[in-house]
Protein chains: 2
Amino acid sequence: MDQRQQARWEARAQVLKSLAHPSRLMIVDELSRGARCVAELREIIGCDMSTVSRHLAVLKNAGLLADQRQGVQVFYFLKTPCVLDFFECVESVLANNVQEKIYLAR
Amino acid sequence: MDQRQQARWEARAQVLKSLAHPSRLMIVDELSRGARCVAELREIIGCDMSTVSRHLAVLKNAGLLADQRQGVQVFYFLKTPCVLDFFECVESVLANNVQEKIYLAR
DNA sequence: GGTATATTTGGCTATATTGCCAAATAGACA
DNA sequence: TGTCTATTTGGCAATATAGCCAAATATACC
């Protein structure tokens, strides 16, 4: 495997890794309805603000979010709304899994 | 946050987490071209077969793959090809990131 | 049964991720 | 300048993930 190809797969994994956490999914979902500041997201996620800030940094670093300071607050927003399409597929995978469980339980 | 809602986000994250690794992305990509046995995937990924087997278990457990034994070999295949749509969005995120780097470098 | 091949699993170490607290930073405003 | 509020960062402990080797399992075939 080529070194350059390897790097490409790692970059792709990095993007998905940034989404691979329940709190970060919740953040993306919330931001799909508009820009939010850190305190607002903290309310929804319900953990320490420093933790939210780190989650936001992960998503921003992956290139999924951008931020804009407004006075003393920092608003985050989705940069690439196509990530929302992921939800649909994820739901179908989960629905599929449930179906199988039901089937196997008979 | 509701206990049940929390569990839903964790289930969703589980699916994305299963994709959040370069080797597992390579596996999904390869399987998009047809079923493959573990040894074939090992060739492509280039690590210990036991490691490949564990990666496959992660993807299977998330509901993305299924397997079928044929004699002494086990063939894995994609159960929900919609995950391939992820690649397109991930590429656009990465392309976006590169653009910005170029822009900022001026 | 016994041997050979393909795959999975146990056990371990190394590394990465997560989340909190406390401290630092950044802007607003008196 | 000093103070207040919002956010980020340093540092740490707990937990999860990754990867290897060796051993176990499963199937084919003699």
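Numbers restart at 1 for each chain; the letters A, B, ... are given by sequence-line order, proteins then strands.
- Between the CD atom of A:Gln68 and the P atom of C:dA26 there is a distance of 18 Å, given to the nearest Å.
- OP1 or OP2 of D:dT8 has at least one side-chain nitrogen or oxygen of A:Tyr76 nearer than 4.0 Å.
- Residue A:Ser50 places no side-chain N or O under 4.0 Å from the OP1 or OP2 atom of D:dT8.
- Between B:Thr51 and D:dG19 there is no side-chain polar atom (N or O) within less than 4.0 angstrom of OP1 or OP2.
- Between D:dC20, C:dC20, C:dT5, one nucleotide has an atom nearer to the side chain of A:Arg54 than all others, and that is C:dC20.
- Rounded to the nearest 0.5 angstrom, B:Leu94 CG and B:Cys89 SG are separated by 9.5 Å.
- Nearest to the side chain of A:Arg69, among C:dG27, C:dT7, C:dT17, sits C:dG27.
- In this structure, A:Arg42 atom CZ and C:dC21 atom P are separated by 11 Å, rounded to whole Å.
- The CG-C1' distance, from A:Asn61 to D:dT9, rounds to 15 Å in whole Å.
- Note on A:His55: every side-chain N or O is 4.0 Å or more away from OP1 and OP2 of C:dT17.
- Taking the nucleotide of DNA chain C with the nearest heavy atom to each of B:Ala57 and A:Arg24, the more 5' of the two is matched to B:Ala57.
- Following rounding to the nearest Å, A:His21 (NE2) and C:dG19 (P) show an atom-to-atom distance of 4 Å.
- The pair A:Glu10-A:Lys17 does not count as a salt bridge, with every side-chain nitrogen at least 4.0 angstrom from each carboxylate oxygen.
- Side chain of A:Asp48, nearest nucleotide from D:dT17, C:dC20, C:dT7: C:dC20.
- Using the six-membered ring where Trp is involved, B:His55 and B:His21 have ring planes that are tilted, between 30° and 60° apart.
- For the pair B:Ile44 and B:Ile27, the minimum side-chain heavy-atom distance is 4.5 Å or more.
- In terms of position along DNA chain C, the nucleotide closest to A:Gly46 lies nearer the 5' end than the nucleotide closest to the other residue of the pair A:Gly46 and A:Gly71.
- Remark: A:Asp2 CG to A:Gln6 CD distance equals 9.0 Å, nearest 0.5 Å.
- Among C:dT17, D:dA6, C:dT8, the nucleotide with an atom closest to any side-chain atom of B:Met49 is C:dT8.
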